[in-house]
Amino acid sequence: MKVDALIIGAGPAGMMAAGTAARNGLSVCLLEKNAALGKKLRITGKGRCNVTNACDVRTVVGSAPTNGRFLYGAVSQFSPADTVTFFEELGVPLKTERGNRVFPVSDKAADIAEALAAYARNAGVKVVHGEASALLLENGCVRGALLKDGEQIFAENVVVCCGGASYPGTGSTGDGYRLAEQAGHQITPLRPSLVPLVAQDGDAEDCRDMMGLSLRNVAVRITDIKTKKTVYEDFGELLFTHFGLSGPVILSASAHMRSMEPDRYRVSIDLKPALSSEKLDARLLRDFGENRNRDFANSLTALLPHKLIPVAVRRSGIPPETKCNALTREMRRSFGALLKNFEIGVAGFRPIAEAIVTSGGVAVDGVNPKTMESKLVRGLFFAGEVLDVDAYTGGFNLQIAFSTGRLAGNSMSADEQARKKGEVKQ
Ligand SMILES: Cc1cc2nc3c(=O)[nH]c(=O)nc-3n(C[C@H](O)[C@H](O)[C@H](O)COP(=O)(O)OP(=O)(O)OC[C@H]3O[C@@H](n4cnc5c(N)ncnc54)[C@H](O)[C@@H]3O)c2cc1C
């Protein structure tokens, strides 16, 4: 098969690149190894798809902790506002929620995936199901790709948008890095981001004891023990697991723990963020007063979730059978302080397979930010998570996939048209 453009990977970046190039008049083949297009896209946002963030270009760029500036051109040309218009014009109405997070009104990620697939197919994109195993390269130019089954697809333009290495069950198994390396690109070491945290040994036992406990609205602060600086602070939902901590606020926090090494970070959880230390002390005084003749360990049911009580009592060092009327002011105050600063030491991240995004990837100094074209191989482009860019939660990662996919699609079209007119040396 010979086409003007071969797009490897039908995630959000690939479908956007393919549809864009086809609408610009190119013959396009979209190669996908899964049976379904956008397999990861369909599970985003817990199945609701946080499709973008209703913010300006600068906020998107600022939400990508590494290489945000590389994205400036791409996001300027296809901004969050463009994403909203794009999907609404495709018949998927959107709504904006807390933190400017944009979702489909239907709360169905599949609606986004179907609309994007239809955008590509209706533009005449030919979808081929197969797995690219190598690029065809010749004299510093790309000529297509070799498939695992031995077939070759020839194209003067190839976009590698195979995603990262997280959630490999969705198809993103790191193939894009191998293809980029074959073309001579550097790969910035991979690490997980937006990922659960493994607790240090002693704390891990406490987490295991509270496994399954989800705290809806706690305040979380992450301290870098080496620099003694707070690297992240926010409110949100936290989940205790058999290995440590997860939940939205922890996943968000993980993206700020850029120098992860064992025992480098500490999570401080304020279990009662709505109460100041004084108000919490008054509350404890009242609760203990109402339970004067009961054991300390049995007096906390109105204050704390069931699974947390034995752990909090153990950590307090107060004998559990101490009668409430025997609790001293110091005991009460130190128990209050424990609830305001419940600490979990961090041993490390969970593996990359469990991360929402992969940090690291195709080094951006080898890619032209104005076109997404390789600086090493003519006609070779990159888009989406395969690049060494990743962002915080909030819809930014999908916006990056759409913006870079759109730019690659438009750049190949401009290139191909020039080539057809004989303006570009081959
Ligand atoms: C559970 C979860 C929830 C998420 N929720 C959100 C969210 O709500 N909002 C947000 O902004 N981001 C979210 N993300 C992140 C977002 O989904 C990704 O950043 C985004 O999908 C990256 O798009 P992509 O097109 O670069 O790669 P992918 O979506 O990973 O697509 C790459 C495609 O390439 C295919 N492929 C790979 N290798 C080959 C090969 N050799 N040959 C052919 N095909 C190949 C894969 O099968 C895959 O379909 C979430 C991620 C996860 C895991």
Side-chain angles (χ1 to χ4, degrees), residues 6-18 29-53 60 63-64 80 83 97 99 101-104 107 109 112-113 116-117 127-135 145-149 153 158-180 182 192-196 246 248 251-252 255 352-359 361-362 372 382-387 389-406 408:
L6 169 63
I7 319 292
I8 306 175
M15 289 191 274
M16 179 61 91
C29 169
L30 177 58
L31 181 68
E32 169 56 52
K33 64 180 176 183
N34 289 327
L37 308 191
K39 195 168 175 192
K40 184 176 279 180
L41 185 55
R42 291 166 195 271
I43 59 161
T44 53
K46 293 188 179 157
R48 296 173 63 222
C49 186
N50 179 191
V51 67
T52 186
N53 192 281
V60 178
S63 302
T83 300
E97 296 189 359
R101 290 161 198 253
V102 180
F103 294 87
D107 285 327
I112 295 289
L116 206 49
V127 175
V128 170
H129 290 283
E131 183 173 335
S133 59
L135 294 173
L146 171 69
L147 274 53
K148 210 175 160 191
D149 63 6
I153 300 177
V158 173
V159 189
V160 172
C161 35
C162 302
S166 55
Y167 277 64
T170 63
S172 46
T173 49
D175 297 8
Y177 307 129
R178 291 184 277 281
L179 297 175
Q182 186 207 342
S193 188
L194 307 181
V195 65
S246 188
L251 299 184
S252 297
I352 206 160
E354 294 176 31
I356 299 291
V357 288
T358 305
S359 184
V362 178
M372 294 297 133
F382 296 96
E385 203 176 313
V386 72
L387 287 160
V389 285
D390 64 279
Y392 303 141
T393 52
F396 301 110
N397 286 295
L398 284 174
Q399 181 60 46
I400 291 170
F402 297 138
S403 297
T404 53
R406 180 66 145 211

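Reckoned from all heavy atoms, side chains included, excluding hydrogens, waters and symmetry mates. Each ligand, and each atom within it, is numbered from 1 in the order the structure gives. When a residue number appears, it is its place in the shown sequence, counting from 1.
- Protein heavy atom nearest atom 42 (N) of ligand 1, with residue, atom name and distance: Ala132 N, 3.0 Å.
- Remark: Glu354 CD to Leu194 CG distance equals 13.5 Å, nearest 0.5 Å.
- When non-hydrogen atoms are compared, ligand 1 lies under 4.0 Å from the backbone of Lys33 as well as from its side chain.
- Nearest protein heavy-atom neighbour of atom 31 (O) of ligand 1: Gly11 CA, 3.3 Å.
- Residue Thr44 has no nitrogen or oxygen atom sitting less than 3.5 Å from a nitrogen or oxygen atom of ligand 1, judged on distance alone.
- In terms of protein heavy-atom proximity, atom 50 (C) of ligand 1 is nearest to Ile356 CG2, 3.4 Å.
- Rounded to the nearest 0.5 Å, atoms NZ (Lys40) and CD (Glu385) are 5.0 Å apart.
- Here is the list of ligand 1 atoms found below 4.0 Å of a heavy atom in Asn397: 11 (O), 12 (N), 19 (O).
- The shortest contact between atom 9 (N) of ligand 1 and any protein heavy atom is with Asn50 O, 2.9 Å.
- Under 4.0 Å from ligand 1, not a single heavy atom of Ser133 appears.
- When only interatomic distances are considered, the shortest N/O to N/O separation between Glu32 and ligand 1 falls below 3.5 Å.
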Checklist entry - Run the side-chain contact (heavy atoms from CB on, under 4.5 Å) check on Asn397 and Asp390 step by step: do they pass? => result CA-CA 6 Å; Asn397 286 295; Asp390 64 279; 4.3 Å; yes
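- At least one donor-acceptor pair under 3.5 Å links the side chain of Thr358 to the backbone N or O of Ala165.
- Near Gly384, meaning under 4.0 Å from one of its heavy atoms, ligand 1 places the atoms 26 (O).
- For atom 32 (C) of ligand 1, the nearest non-hydrogen atom from the set Cys162, Ala10, Ala145 belongs to Cys162.
- Between the CG atom of Leu251 and the CD1 atom of Ile356 there is a distance of 5.5 Å, given to the nearest 0.5 Å.
- Closest non-hydrogen pair, Leu179 versus Cys162, comes out as CD1-SG, 4.2 Å.
- Between Glu385 and ligand 1, a contact under 3.5 Å exists for at least one N or O pair.
- Atom CD1 of Ile352 sits about 9.5 Å away from atom OG of Ser193, to the nearest 0.5 Å.
- The line from CG of Leu31 to NE2 of His129 is 9.5 Å long, rounded to the nearest 0.5 Å.
- By the 3.5 Å distance cut-off applied to N or O atoms, Leu41 is not counted among the residues near ligand 1.
- Considering only non-hydrogen protein atoms, atom 25 (O) of ligand 1 sits nearest to Ala13 N, 3.0 Å.
- For ligand 1, the polar-atom distance check finds no N/O of Ala383 at less than 3.5 Å from any of the ligand's N/O atoms.
- Here the straight-line distance linking atom NZ of Lys39 with atom OG of Ser172 works out to 10.0 Å at 0.5 Å rounding.
- Using a 4.5 Å cut-off on side-chain heavy atoms (C-beta onward), Val158 and Ile153 make no contact.
- Taking every heavy atom of Asp175 and a limit of under 4.0 angstrom, the matching atoms of ligand 1 come to 38 (N), 39 (C), 40 (C), 41 (N).
- In this structure, Gly395 counts as a contact residue of ligand 1, since one of its heavy atoms falls inside 4.0 Å of the ligand.
- A 4.5 Å side-chain heavy-atom check between Leu398 and Leu41 finds at least one atom pair inside the cut-off.
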Item to check | Criterion side-chain contact (heavy atoms from CB on, under 4.5 Å) on Asn53 and Tyr392, from CA distance to verdict | outcome: CA-CA 11 Å; Asn53 192 281; Tyr392 303 141; over 6 Å; no
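- The nearest protein atom to atom 27 (O) of ligand 1, hydrogens excluded, is given as Gly163 CA, 3.3 Å; this is a heavy-atom distance.
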Next on the checklist: Could you go through Met372 and Val159, starting from their C-alpha distance and side-chain angles, then the distance that decides it, and tell me whether this counts as side-chain contact (heavy atoms from CB on, under 4.5 Å)?
Outcome noted: CA-CA 9 Å; Met372 294 297 133; Val159 189; over 6 Å; no
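- Checking only distances, Asn34 does come within under 3.5 Å of ligand 1, N or O to N or O.
- Between Arg42 and Thr170 there is no side-chain heavy-atom pair separated by less than 4.5 Å.
- Close contacts between ligand 1 and Gly45 involve ligand atoms 3 (C), 4 (C), 5 (N), 6 (C), 7 (C), 8 (O) [criterion: under 4.0 Å to a heavy atom].
- Near Ile8, meaning under 4.0 Å from any of its heavy atoms, are these atoms of ligand 1: 42 (N), 43 (C).
- Residue-ligand proximity: Gly130 is placed with a non-hydrogen atom under 4.0 Å from ligand 1.
- With hydrogens left out, the protein atom closest to atom 34 (O) of ligand 1 is Gly9 CA, 3.1 Å, a heavy atom.
- No donor-acceptor pair under 3.5 Å is formed between the side chain of Thr52 and the backbone N or O of Gln399.
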Item to check | side-chain contact (heavy atoms from CB on, under 4.5 Å) assessment of Arg48 paired with Glu97 | outcome: CA-CA 12 Å; Arg48 296 173 63 222; Glu97 296 189 359; 2.5 Å; yes
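- Some N or O of Leu398 is nearer than 3.5 Å to an N or O of ligand 1, by distance alone.
- With ligand atoms numbered from 1 in the order given, ligand 1 contributes 43 (C), 44 (N) to contacts under 4.0 Å with heavy atoms of Leu31.
- Looking only at protein heavy atoms, the nearest one to atom 29 (O) of ligand 1 is Pro12 CD, 3.3 Å.
- At least one heavy atom of Thr170 sits less than 4.0 Å from an atom of ligand 1.
- In this structure, Glu131 is part of the shell of residues with a heavy atom less than 4.0 angstrom from ligand 1.
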